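One structure is given here, and the rest of the page talks about it.
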Amino acid sequence: MTYDGFQIEAFEAGRGLWHARIRREDDQPVVIDGVSFPELEAGFAWSDAEAAIADAKTRVDYLNRRFVTSEKRRETAHV
């Protein structure tokens, strides 16, 4: 599924242990504190795929807020 610029894929990492994989829709890496990640695995061992996807959406929201905040700081510093 696609959510706010990211692809989210739920997967079962053991019977009834659902996780989610997040990667940017444009295939660019996710950069966190200068470290580049081609994809992220998010969350805990959820009991179903829907819960894993819901958790991944909160992670995407956080990443997007963090990116916007960082960009605003960078622009302000160069004004």
Side-chain angles (χ1 to χ4, degrees):
M1 83 162 298
T2 301
Y3 178 76
D4 207 11
F6 287 81
Q7 285 291 109
I8 299 174
E9 172 192 358
F11 65 96
E12 199 170 17
R15 188 171 186 172
L17 304 173
W18 288 90
H19 298 263
R21 189 170 291 119
I22 303 168
R23 77 181 63 98
R24 284 181 42 169
E25 194 173 30
D26 62 5
D27 293 325
Q28 295 296 310
V30 176
V31 179
I32 300 173
D33 294 333
V35 180
S36 177
F37 299 91
E39 62 187 25
L40 301 170
E41 290 186 6
F44 304 97
W46 295 101
S47 59
D48 57 58
E50 292 79 20
I53 289 171
D55 181 56
K57 287 179 178 179
T58 64
R59 307 297 173 202
V60 167
D61 292 341
Y62 174 78
L63 288 170
N64 283 334
R65 278 193 313 272
R66 182 177 176 160
F67 176 74
V68 168
T69 302
S70 297
E71 284 300 308
K72 284 183 182 176
R73 279 191 215 137
R74 188 173 298 122
E75 288 172 8
T76 304
H78 294 291
V79 171

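Not measured: the values here are computed from a predicted model.
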Salt-bridge criterion met for Lys57 and Asp61 (N-O under 4.0 Å):
no

Presence of salt bridge, Glu9 and Arg23, under 4.0 angstrom
yes

Within a strict 4.5 Å, meaning less than it, do heavy atoms of the Ile8 and Thr2 side chains meet?
no

Taking atom CG of Asp26 and atom CD of Gln28, what is their separation to the nearest 0.5 Å?
5.0 Å

Which distance, rounded to the nearest 0.5 Å, do you find between the CD of Glu25 and the CD of Gln7?
5.5 Å

Counting only N and O atoms by type, is there a donor-acceptor contact under 3.5 Å from the side chain of Glu50 to the main-chain atoms of Ala54?
no

Report yes or no: do [X] and [Y] belong to one cluster of Ile/Leu/Val/Met/Phe/Trp/Tyr joined by side chain heavy-atom distances under 4.5 Å?
{"X": "Trp46", "Y": "Phe11", "answer": "no"}
{"X": "Ile53", "Y": "Val60", "answer": "yes"}
{"X": "Leu40", "Y": "Met1", "answer": "yes"}

Heavy-atom pair with the smallest gap, counting every atom of [X] and [Y]:
{"X": "His19", "Y": "Leu17", "value": "CD2-O, 3.5 Å"}
{"X": "Ala20", "Y": "Ala56", "value": "CB-CB, 3.6 Å"}
{"X": "Ile22", "Y": "Ala42", "value": "CD1-CB, 3.7 Å"}

